[in-house]
J.: 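Below you'll find the structure I mean.
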Amino acid sequence: VTGNGPEFNNTGPRVIDVLIRDDDRPGVRLARQSLNALEGSTAQYGMRLLSQPSSNVVVGVSTDAVRAAGTDNVEVTFTPDNWDTEQTVSLDLGNDEVAEGTRMVTVRHTLRSQDSRFNGVVDDSLTINVTDDDVPGVILLTNAVLAGEDGTTGSYELKLTSQPAADVVVAIQGDAQATPDTASVTFTTENWDQAQAVTVTAVDDAIAETDGTGLLRHTVGSGDPGYEGVNVGDMPVLIEDNDVAGLIIDQPSQSTVAEGERTTYGVALRSQPASGVQVAVQTDGRTQASPSTLSFDAGNWNQPQTVTLTAVDDQVDSRPDARGALVGHTAASEDALYQGLAGESLVLTVQDDDVAAIELSPRNLMLGEGEQGSYSVRLATEPAGDVLVELMPGTGVNVAPTGCTTEESDTVCLHFTVDNWADGQTVTITSQSDSLGRVNHDGISSDAGYDGRGATLTVNGDDELPDTDRSIFLPLMTR
């Protein structure tokens, strides 16, 4: 280290201590944080370590209200090799004849190990809700059921908490989201302590939604006064939706259209919306959509609506002749799943039907010697830039000045722009004889379609004489 002050010069290297904070925690990971169980039954759960120990770890499981395998404590051993493999712990819940109601028991996990990080760690996070079996009641052995609209079913079990004096009928009622496989289950004095299963099916609707929730309600009837009308909790059903919000965009009847022509396609929704949906059809200017907005609701969401696309006839000789046209689709709705949703874009090919040309009207004038005549000149398509049409009369024809001359020479010309290209400009000529004459017209422009483009006016000639830039192909005959 060197510096301007003496305290910086000739200082030797220094050692910097770096503190590395380990993010691996010692402890146990429990498969469940809470259990529901009946007094006198066996509760089970899975357990593994949070991180790998350097030596064996013994987890002691204990609580003053639980007898495990006939002893006060149960122990589970993990090694550095199986620390992340879940092991099952079984706890026998003690039974008595005291009506205690439902009580919560906390299960303690105490770790012992030669690995100092694990030794002495205590976890009290597991609780067991123990229902007294001496009180009339119906216990649901599961907190919630998972079912899918794709047909995946869920199930749960229920049983009585004590032996009844008469049959107990538990009626089960579903809702618009979930349906049980049975309307009721019956418990007798013989099977009261045997759990009965109920299979739950999710209602497959057409609505795209975040995973929903159904609810099964229970009503109890019995000749035993203790069970008649006893309160039973509801069973929540977590439903996995199989519907997806989206736009169905059909392929158009024609993928290639000429300017001015039309093609059609259909648009529908993939799922029933919770609110009205407006789909905007957006074009890039090369086509026009009709209608440009489609409206869908819960009644017509799956009925395709027809969109007509018309290729815009722009009267421009485009290069290349075939161009791609993009059509997009965006949804707007108070349904959050459809709001701002973009659908598939369509790509059409628009075939240009415009050809750059210098149009003369008429194309032939019949004039005697010394007679004057006039004709009109215009462009067939809108040019990309200014076009000068140079007029070059042949022998025996004079062209009246037009107020326009080319820079290269004093040749008479006509000036066309993107604003006046379709307006005919009048040219007056004088024939010096009654014989055949011509006036050639040559285009000069930055627009490649018009630069070098030509047309010919004939005087006392054939009206069908071709333009000077068009070739005539004759058949070749051989013997």
Side-chain angles (χ1 to χ4, degrees), residues 21-95 102-131 139-148 150 152-159 194-200 202 211 213 235-240:
R21 189 178 300 278
D22 191 0
D23 61 358
D24 295 314
R25 296 185 298 113
V28 293
R29 181 187 301 278
L30 305 179
R32 302 181 65 175
Q33 297 299 312
S34 65
L35 297 171
N36 297 328
L38 184 64
E39 185 181 74
S41 65
T42 300
Q44 292 184 327
Y45 61 96
M47 176 175 61
R48 57 180 287 265
L49 298 185
L50 288 173
S51 61
Q52 184 176 14
S54 60
S55 62
N56 290 355
V57 176
V58 177
V59 181
V61 183
S62 64
T63 175
D64 55 0
V66 174
R67 292 185 294 106
T71 66
D72 292 336
N73 298 287
V74 64
E75 294 184 343
V76 179
T77 301
F78 292 92
T79 70
D81 295 325
N82 73 350
W83 65 273
D84 58 349
T85 300
E86 186 172 281
Q87 299 190 47
T88 300
V89 179
S90 297
L91 299 179
D92 293 335
L93 303 180
N95 194 7
T102 300
R103 63 189 186 279
M104 185 177 70
V105 176
T106 299
V107 181
R108 169 165 295 185
H109 304 82
T110 305
L111 280 61
R112 304 194 313 273
S113 177
Q114 293 183 2
D115 185 336
S116 60
R117 295 182 306 118
F118 284 85
N119 190 49
V121 174
V122 177
D123 186 313
D124 292 331
S125 62
L126 176 64
T127 58
I128 303 177
N129 298 312
V130 181
T131 301
I139 183 173
L140 305 177
L141 301 182
T142 306
N143 291 327
V145 176
L146 178 64
D150 60 355
T152 302
T153 60
S155 65
Y156 68 100
E157 293 181 327
L158 64 165
K159 61 185 297 187
Q194 299 174 18
Q196 298 195 44
V198 178
T199 300
V200 182
D211 290 345
T213 302
M235 175 57 65
V237 182
L238 307 179
I239 299 174
E240 293 182 336

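Keep in mind the model is a prediction, meaning the values are calculated, not measured.
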J.: Using the side chain to side chain contact (heavy atoms under 4.5 Å, CB included) definition, which of the options Leu91, Asp123, Leu126 pairs with Val61?
T.: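 Among Leu91, Asp123, Leu126, the one that satisfies the side chain to side chain contact (heavy atoms under 4.5 Å, CB included) with Val61 is Leu91.
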
J.: Assess the residue pair Val198 and Met235 against the criterion (side chain to side chain contact (heavy atoms under 4.5 Å, CB included)); give the C-alpha distance rounded to whole Å, side-chain angles, the decisive distance to 0.1 Å, and a yes or no.
T.: CA-CA 11 Å; Val198 178; Met235 175 57 65; over 6 Å; no

J.: So how far is it from Asp81 CG to Asn56 CG, rounded to the nearest 0.5 Å?
T.: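 Answer rounded to 0.5 Å: 9.0 Å.
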
J.: Given the rule in the side chain to side chain contact (heavy atoms under 4.5 Å, CB included) test, do Thr213 and Leu238 qualify, once you have shown the distances and angles that lead to the verdict?
T.: CA-CA 5 Å; Thr213 302; Leu238 307 179; 4.2 Å; yes

J.: Where do Gly27 and Val121 come nearest, in terms of heavy atoms and distance?
T.: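 Minimum heavy-atom separation between Gly27 and Val121: CA-CG1, 4.2 Å.
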
J.: Please report the C-alpha distance between Leu49 and Arg29 in whole Å, then the side-chain angles of each, then the deciding distance to 0.1 Å, and finally whether the side chain to side chain contact (heavy atoms under 4.5 Å, CB included) criterion is met.
T.: CA-CA 6 Å; Leu49 298 185; Arg29 181 187 301 278; over 6 Å; no

J.: Going through the checks in order, is the side chain to side chain donor-acceptor pair (under 3.5 Å) test met by Ser90 and Gln44?
T.: CA-CA 5 Å; Ser90 297; Gln44 292 184 327; 2.9 Å; yes

J.: Looking only at atom types and distance, does a side-chain atom of Ser113 sit under 3.5 Å from a main-chain N or O of Asn119, one as donor and one as acceptor?
T.: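 No, the answer is negative, given that no donor and acceptor are paired below the 3.5 Å cut-off.
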
J.: Of the non-hydrogen atoms in Leu35 and Tyr45, which two are nearest, and what is the gap between them?
T.: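 The answer is CD1-CD2, 4.0 Å.
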
J.: Checking Thr42 against Asp92 for the side chain to side chain donor-acceptor pair (under 3.5 Å) test, could you report, in this order, the C-alpha distance in whole Å, the side-chain angles of both residues, the deciding distance, and whether it holds?
T.: CA-CA 4 Å; Thr42 300; Asp92 293 335; 2.8 Å; yes

J.: Please report the closest heavy-atom contact between Ser155 and Val145, naming both atoms and the distance.
T.: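 It is N-CG1, 3.6 Å.
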
J.: Between CE of Met47 and CZ of Phe78, what distance do you get to the nearest 0.5 Å?
T.: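 Met47 CE to Phe78 CZ: 4.5 Å, rounded to 0.5 Å.
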
J.: Heavy atoms only: give me the nearest Thr77-Asn82 pair and the separation to one decimal.
T.: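 Thr77 and Asn82 have their closest heavy atoms at O-ND2, 4.1 Å.
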
J.: Of all the heavy-atom pairs spanning Phe118 and Pro26, show the shortest one and how long it is.
T.: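 Looking at all heavy atoms of both residues, the closest pair is CE2-CA, 3.6 Å.
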
J.: Side chain to side chain donor-acceptor pair (under 3.5 Å), that's the test. Do Thr152 and Asp150 meet it? Break it down for me.
T.: CA-CA 6 Å; Thr152 302; Asp150 60 355; 3.0 Å; yes

J.: Decide yes or no for Leu38 and Leu93: does some side-chain heavy atom of the first lie under 4.5 Å from some side-chain heavy atom of the second?
T.: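 In short, these two side chains do not touch, never coming nearer than 4.5 Å.
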
J.: Find the distance between CG (Asp84) and OG (Ser51) and round it off to the nearest 0.5 Å.
T.: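 Answer rounded to 0.5 Å: 10.5 Å.
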
J.: Mark yes or no for whether Thr63, through its side chain, and Thr106, through its backbone, hold a donor-acceptor pair below 3.5 Å.
T.: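 Indeed, once roles are kept as given, a pair shorter than 3.5 Å links the two residues.
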
J.: Does the side chain of Arg112 reach to within under 4.5 Å of the side chain of Val57, using non-hydrogen atoms?
T.: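 No; the side chains remain at least 4.5 Å from each other.
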
J.: Answer yes or no: is there a side-chain heavy-atom contact under 4.5 Å between Leu140 and Tyr156?
T.: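 Of all side-chain heavy-atom pairs linking Tyr156 with Leu140, at least one is under 4.5 Å.
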
J.: Using the side-chain hydrogen bond (donor to acceptor under 3.5 Å, both in side chains) criterion, which residues pair with Glu86? Sequence neighbours excluded.
T.: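 Result, side-chain hydrogen bond (donor to acceptor under 3.5 Å, both in side chains) vs Glu86: none returned.
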
J.: Hey, is CZ on Arg48 packed in by over 12 heavy atoms from elsewhere, all under 6.0 Å?
T.: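 Correct, the count exceeds 12.
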
J.: Tell me if a side-chain donor or acceptor on Asp115 pairs with a main-chain N or O of Ser54 at a distance below 3.5 Å.
T.: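 Looks like yes, one N/O pair under 3.5 Å.
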
J.: For residues Val122 and Arg108, determine if any side-chain heavy atom of one lies less than 4.5 Å from a side-chain heavy atom of the other.
T.: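 When only atoms from C-beta onward are counted, Arg108 and Val122 do touch, with a gap below 4.5 Å.
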
J.: Do Val76 and Val89 come close enough that some side-chain heavy atom pair is under 4.5 Å?
T.: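 In short, these two side chains touch, coming nearer than 4.5 Å.
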
J.: Which heavy-atom pair separates Arg117 from Gln52 by the least distance, and what is that distance?
T.: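 Closest pair (atom of Arg117, atom of Gln52, distance): NH2-O, 3.1 Å.
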
J.: Quick check on side-chain hydrogen bond (donor to acceptor under 3.5 Å, both in side chains): which of Thr131, Thr142, Asn129 does Asn36 satisfy it with?
T.: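 Option passing the side-chain hydrogen bond (donor to acceptor under 3.5 Å, both in side chains) with Asn36: Asn129.
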
J.: Could you go through Leu111 and Val28, starting from their C-alpha distance and side-chain angles, then the distance that decides it, and tell me whether this counts as side chain to side chain contact (heavy atoms under 4.5 Å, CB included)?
T.: CA-CA 9 Å; Leu111 280 61; Val28 293; 4.0 Å; yes

J.: Rounded to the nearest 0.5 Å, what separation is found between the CD atom of Glu75 and the OG atom of Ser62?
T.: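 So the gap between those two atoms works out to 10.0 Å.
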
